[in-house]
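Every chain is numbered from 1 and lettered A, B, ... according to where its sequence line falls, protein lines coming before strand lines.
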2 protein chains.
Amino acid sequence: MTKTIEPVEAGTRESLMDAAEALFSERGIQAASLRAITERAGANLAAVHYHFGSKQGLVRAVFARRLTPVNEERLRRLGRAEESGGNLEEVLRAFLVPALDMARDASHGAFGRLMGRAFMEPDDEIREILIEQFSEVLHRFTAALTRLLPELPEEEVLWRFHFVAGSLGHTVACGQLIERFSDGRCAMGTAEEAAARLVTFLAAGLCAPAPGGAGRPPGSAGH
Amino acid sequence: MTKTIEPVEAGTRESLMDAAEALFSERGIQAASLRAITERAGANLAAVHYHFGSKQGLVRAVFARRLTPVNEERLRRLGRAEESGGNLEEVLRAFLVPALDMARDASHGAFGRLMGRAFMEPDDEIREILIEQFSEVLHRFTAALTRLLPELPEEEVLWRFHFVAGSLGHTVACGQLIERFSDGRCAMGTAEEAAARLVTFLAAGLCAPAPGGAGRPPGSAGH
DNA sequence: GTCTATATAGCGATAGAC
DNA sequence: GTCTATCGCTATATAGAC
């Protein structure tokens with residue numbers, strides 16, 4: 001008769017990743033114990049080792065689950081922007097919006113903070129995960145920026161993309177910090193609002209003439 | 001007859017802070033055990049509790065030792081810049097250079113990474129230390145920027161200062177990351193080189209017209 | 001696939017001799 | 001001010017019943 005369709009059963013595996021993501025972002029990866037994670041997930045302590053082999057395996061799974069779709073979306077948007085002769089703002093938006101979207105999303109908000117912090121993590125394994133996940137995105141976007149900013153030395157483009165990533169990471173990871181420092185006058189708002197602020201700021205920075213070199217009129221790169 | 005001058009005896013207290021700073025930046029604060037710290041310092045495990053009361057006390061001392069002079073130097077430079085009618089670049093440099101100097105310094109390099117990561121630390125106590133250490137600097141610099149960028153809403157100035165801090169933090173904390181991602185084409189260079197890149201990029205971003213509002217010619221703010 | 005029970009190890013902190 | 005020894009706790013990981 002009716003096939004046995006599980007009624008959106010979360011599954012221990014997913015529950016463990018959800019709980020780990022939340023606790024990693026709240027306490028830091030190292031400080032989040034498997035006991036706390038399995039307790040929040042309503043699972044048994046041993047389940048982590050059954051499903052992921054070790055805590056490291058769980059960490060890797062938590063990062064991959066979110067980073068893979070975000071970076072795929074970035075590349076998709078970049079491709080679309082390039083097809084339609086996109087300008088600097090569009091390329092920036094292709095990089096920023098998928099990350100800001102995820103950081104805003106209620107269920108993914110935790111991972112937003114986690115991702116922002118991940119770049120600073122001392123753990124070698126995590127660094128390798130990030131390099132693996134980001135290498136194509138980095139390559140494709142720096143290539144696009146180099147094409148849009150032909151007057152800049154490539155080294156300068158790489159540095160500026162580094163600054164772009166820093167501003168994004170700080171925004172995604174420290175949303176509460178600016179609220180605290182500004183006495184509540186500043187709040188994250190929607191992903192689009194945050195993206196608009198970032199794009200304006202970062203596009204102007206990217207268009208600036210090279211520090212030591214000959215001047216170059218800003219805004220000549222397609223907007 | 002020569003007076004007994006101790007030959008630059010480091011002292012257990014200083015050695016402990018040096019070792020803690022190095023290990024905090026290598027492994028993260030939580031992951032650096034007191035046993036590893038005291039071993040590297042050539043001191044006894046119990047010495048931490050004698051000199052600092054607890055691991056938290058040691059953490060607080062490590063941050064205060066570096067942050068207090070850096071932030072004092074920032075305020076000193078800002079004061080000098082304002083006396084001489086300093087422009088946006090000078091104010092930015094007053095904020096950036098003391099931190100970049102410390103991050104470059106061989107013996108303080110470890111703390112550079114540590115400070116960059118500190119903003120992302122989940123630990124509430126560390127957040128309180130930072131807020132305490134940075135509140136005056138933040139207040140004075142945002143006031144200076146608001147004066148230099150009168151066309152921008154104050155909220156926008158705060159956001160952009162947030163982006164400035166993000167770029168600086170990412171640069172200070174992830175110097176090796178850009179070397180790795182750029183296949184060695186980019187390196188930190190001197191503090192002045194890094195400051196020149198950052199100032200060019202950030203000044204242009206700060207001068208951009210407000211995202212939603214009416215345009216405003218960049219560069220009208222004193223340079 | 002999930003459980004209990006446990007092995008093994010490391011942690012921060014403290015007491016008390018010197 | 002520095003040491004040894006140890007307490008009390010938590011961590012990750014695993015073995016084996018169900």
Quick one: side chains of residues 196-206 of chain A, donor-acceptor pairs under 3.5 Å with protein atoms, not counting sequence neighbours, listed by atom name and distance.
| from | atom 1 | to | atom 2 | distance (Å) |
| --- | --- | --- | --- | --- |
| A/R197 | NH1 | B/E156 | OE1 | 2.5 |
| A/R197 | NH2 | B/E155 | OE2 | 3.0 |
| A/T200 | OG1 | A/A196 | O | 2.9 |

Side-chain donor/acceptor pairs under 3.5 Å, residues 138-146 of chain B, sequence neighbours excluded:
| from | atom 1 | to | atom 2 | distance (Å) |
| --- | --- | --- | --- | --- |
| B/T142 | OG1 | B/L138 | O | 2.7 |
| B/T142 | OG1 | B/H139 | O | 3.1 |
| B/T146 | OG1 | B/T142 | O | 2.7 |

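Put simply, CD on A/E39 is 10 Å from P on D/dA11, counting in whole angstrom units. For B/H49 and D/dG8, the NE2 to C1' distance is 14 Å, given to the nearest whole Å. Rounded to whole angstrom, the span from the CZ atom of B/F52 across to the P atom of C/dT14 amounts to 16 Å. Regarding A/Q30, its CD atom lies at a distance of 11 Å from the C1' atom of C/dG10, rounded to whole Å. In this structure, A/K55 atom NZ and D/dT10 atom C1' are separated by 12 Å, rounded to whole Å. The CG atom of B/L34 sits 17 Å away from the P atom of D/dT10 (whole-angstrom rounding).
With sequence neighbours excluded, no residue satisfies salt bridge (charged side-chain N to carboxylate O under 4.0 Å, His left out) with B/R127. Under the rule for a ring-ring contact (aromatic ring centres under 6.0 Å, His included), A/F24 has no partner lying at least two apart in sequence or in another chain. A/S135 is linked by a side chain to side chain contact (heavy atoms under 4.5 Å, CB included) to nothing, counting only residues two or more places apart in sequence or in another chain. Judged as a ring-ring contact (aromatic ring centres under 6.0 Å, His included), and not counting sequence neighbours, B/F52 has no contacts. By the side chain to side chain contact (heavy atoms under 4.5 Å, CB included) test, A/H108 pairs with A/R66, A/M102, A/D105, sequence neighbours left out.
Salt bridge status for A/E26 with A/R113: absent, with no side-chain N to carboxylate O gap under 4.0 Å.
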Atom pairs under 3.5 Å: protein N/O with N/O of nucleotides 2-6 of chain C:
| from | atom 1 | to | atom 2 | distance (Å) |
| --- | --- | --- | --- | --- |
| C/dT2 | OP1 | A/T12 | OG1 | 2.8 |
| C/dT2 | OP2 | A/H51 | NE2 | 2.9 |
| C/dC3 | OP2 | A/N44 | N | 3.3 |
| C/dT4 | OP2 | A/N44 | ND2 | 3.2 |

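Within residues 56-65 of chain A, no residue places a heavy atom under 4.0 Å from DNA chain C.
Put simply, B/S33 has no side-chain N or O that comes within less than 4.0 Å of OP1 or OP2 on C/dG10.
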